[in-house]
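Let me begin by presenting the structure, written as structure tokens, before commenting on it.
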There are 2 protein chains.
Amino acid sequence: MATVDPSLVAHLPLFAGFGAEDLAEILREARSLRFPKGSAVFEEGEEAHSFFVLLHGHVRASKTTQAGEQVVVRYVAPGETFGVAMAIGLTRYPATATAVDDSVALAWPSGTWPRLVAKFPALATNTLQTIGSRLQETHTRVVEMSTQQVEQRVAHALLRLAKQSGRKVEHGVEIDFPISRQDIAQMTGTTLHTVSRILSGWESRGLIESGRQRIVLREPHKLFVLAEEDPGEGGSPVRP
Amino acid sequence: MATVDPSLVAHLPLFAGFGAEDLAEILREARSLRFPKGSAVFEEGEEAHSFFVLLHGHVRASKTTQAGEQVVVRYVAPGETFGVAMAIGLTRYPATATAVDDSVALAWPSGTWPRLVAKFPALATNTLQTIGSRLQETHTRVVEMSTQQVEQRVAHALLRLAKQSGRKVEHGVEIDFPISRQDIAQMTGTTLHTVSRILSGWESRGLIESGRQRIVLREPHKLFVLAEEDPGEGGSPVRP
DNA sequence: CGTCTTATTGAACCGCCTCAAATTGAGTGG
DNA sequence: CCACTCAATTTGAGGCGGTTCAATAAGACG
């Protein structure tokens with residue numbers, strides 16, 4: 001079996017502060033796995049057999065309610081860890097992870113985590129920072145859902161996706177994986193209909209350019225202004 | 001200065017797996033502080049000088065938007081850690097912490113964290129589990145805000161508060177600290193008016209008993225059913 | 001007893017959802 | 001290459017949950 005090239009992952013937050021030897025020892029325990037577009041990496045409620053570092057592609061983490069509605073928890077970009085249930089004291093995955101593109105990830109059996117952490121305490125502190133950042137982001141999301149209207153939330157979501165997984169193209173920044181109106185609705189707590197209407201509006205104003213599962217931000221700054229805007233002002237309100 | 005009695009805190013999650021000596025060494029670095037009802041423990045954006053373990057009382061963590069709206073992030077109950085900004089890589093507090101009751105907390109200077117973690121790696125893994133749980137809870141909140149209506153969200157919020165900080169009283173379970181309609185609104189992403197209407201409705205149905213900054217759950221199970229209920233069913237719908 | 005915060009309640013409005021239907025585009029097999 | 005199929009998207013019309021605005025009431029506290 002081919003082992004993983006340490007130089008590819010040495011710069012990742014998870015391995016911050018590690019020497020080449022330690023890194024090699026950790027990587028020796030990992031396997032590299034391919035996940036074709038659309039396939040599940042793991043399912044919500046399933047025994048948490050492994051934790052992962054994404055190398056290529058994109059993975060969507062989502063939760064499903066009893067009523068069958070899905071909510072997108074986050075999108076995983078290359079270099080990020082995911083499925084770290086064991087590290088936070090869970091024996092089962094709290095969400096479903098689906099490859100939205102052909103993807104490659106390193107996978108460690110969950111059982112290796114306690115041993116690795118015991119030998120390399122920096123793994124715990126690095127993971128603590130990662131999980132802490134995610135907690136901050138999720139709090140931001142709660143604040144947005146509590147105080148902003150749908151249009152602003154969608155704008156923020158697109159800007160965040162562009163920052164995390166944007167690719168510069170001729171006319172702006174394109175979100176670098178297939179994403180539907182429905183996906184955006186599930187990220188922002190609204191319906192695909194409302195998202196479609198909003199994007200149509202933006203497209204006619206030249207802010208974005210979009211197609212089937214494809215979005216290009218042409219005017220990120222204008223979107224940013226719109227995202228921060230108080231709904232009371234702006235636009236062309238009729239003052240009687 | 002009086003030192004802290006180790007037996008009071010030995011059972012806390014943060015200190016899981018620690019021996020008496022190690023615990024004493026850690027506690028030696030902490031100071032015990034009193035925070036009168038209504039006072040701020042720290043403010044959002046302030047330099048994160050300390051991290052805390054709450055011993056008595058209750059603390060509300062909240063974030064304020066640019067527009068001045070507040071959102072309650074969580075309520076801290078005795079035994080819980082808070083203000084661990086340093087541990088998750090922040091130099092400033094991401095939220096404001098306010099004592100909602102006369103409270104007492106242990107405080108460690110943030111500067112001690114790296115040293116303590118280096119010497120006692122279990123602190124990092126324990127904190128990782130705590131932060132991980134909070135991340136799960138916050139995700140649950142996002143899912144609720146995305147899929148449920150206000151009445152269900154308020155029911156969930158009250159049940160959670162009752163579980164975390166409930167006190168058995170004659171007619172049910174009372175939430176053990178002063179909490180206003182406004183506070184509940186800021187936890188559930190709605191307005192104090194809507195919360196007031198909902199609580200009034202429940203009170204007239206005998207589900208709760210409430211007063212000024214005071215709520216008693218008389219029928220927790222009925223509230224639970226209501227919280228899980230699909231809005232389409234239940235009640236007395238008119239079928240034409 | 002006066003003042004201030006908290007809570008209640010009515011009325012009107014509106015952002016967004018729901019329901020419904022048509023359209024577009026990509027992939028597939030003949 | 002074209003017809004077919006199915007998923008994704010668009011768009012209209014109507015309704016409702018919840019907000020907003022406004023005013024009153026009820027406790028707590030000095």
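The chains referred to below are lettered A, B, ... by the order of the sequence lines, with proteins before strands, and numbering in each begins at 1. Keep in mind that the numbers below use all heavy atoms, side chains included, and drop hydrogens, waters and symmetry copies.
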Among A:Arg205, A:Glu209, A:Glu174, A:Glu170, side chain to side chain contact (heavy atoms under 4.5 Å, CB included) partner for A:Arg218 = A:Glu209

Hey, which of A:Thr98, A:Val41, A:Val76 is the one that makes side chain to side chain contact (heavy atoms under 4.5 Å, CB included) with A:Arg60?
-> A:Thr98

Check whether any side-chain nitrogen or oxygen of [X] sits under 4.0 Å from OP1 or OP2 of [N], and answer yes or no.
X: A:Thr190; N: C:dC16; result: no
X: B:Thr194; N: D:dG18; result: no
X: A:Ser200; N: D:dT11; result: yes
X: B:Thr191; N: D:dT19; result: yes

Using whole Å, what does the distance between atom [atom2] of nucleotide [N] and atom [atom1] of [X] come to?
X: A:Glu203; N: D:dA8; atom1: CD; atom2: P; answer: 18 Å
X: A:Arg153; N: C:dC17; atom1: CZ; atom2: C1'; answer: 13 Å
X: B:Gln186; N: C:dA7; atom1: CD; atom2: P; answer: 12 Å
X: A:Gln182; N: D:dA7; atom1: CD; atom2: P; answer: 13 Å
X: A:Leu192; N: D:dT11; atom1: CG; atom2: P; answer: 13 Å
X: A:Leu199; N: D:dA8; atom1: CG; atom2: C1'; answer: 13 Å
X: B:Arg197; N: D:dC21; atom1: CZ; atom2: P; answer: 13 Å
X: B:Arg212; N: D:dA25; atom1: CZ; atom2: P; answer: 16 Å

Less than 3.5 Å between a donor and an acceptor, one on the side chain of A:His193 and one on the base of D:dT11, is that the case here?
-> yes

Taking the side chain of A:Gln149 as heavy atoms from C-beta outward, which of C:dC16, C:dT8, D:dG18 is closest to it?
-> C:dC16

Nucleotide nearest B:Arg181 when distance is taken to its side chain, options C:dT8, D:dT9, C:dT18 = C:dT8

Can you label the angle between the A:Phe82 ring and the A:Phe52 ring as parallel, tilted or perpendicular, going by 30° and 60°?
-> parallel

A:Arg141 (side chain) donor-acceptor with A:Val73 (main chain) under 3.5 angstrom | yes

For A:Ser180, answer base if it contacts any base atom (sugar-phosphate contacts may also be present), sugar-phosphate if it contacts only those atoms, and nothing otherwise; contact means non-hydrogen atoms under 4.0 Å.
-> sugar-phosphate

May I ask you to check whether A:Tyr93 and A:His49 place their ring centers less than 6.0 Å from one another?
-> yes

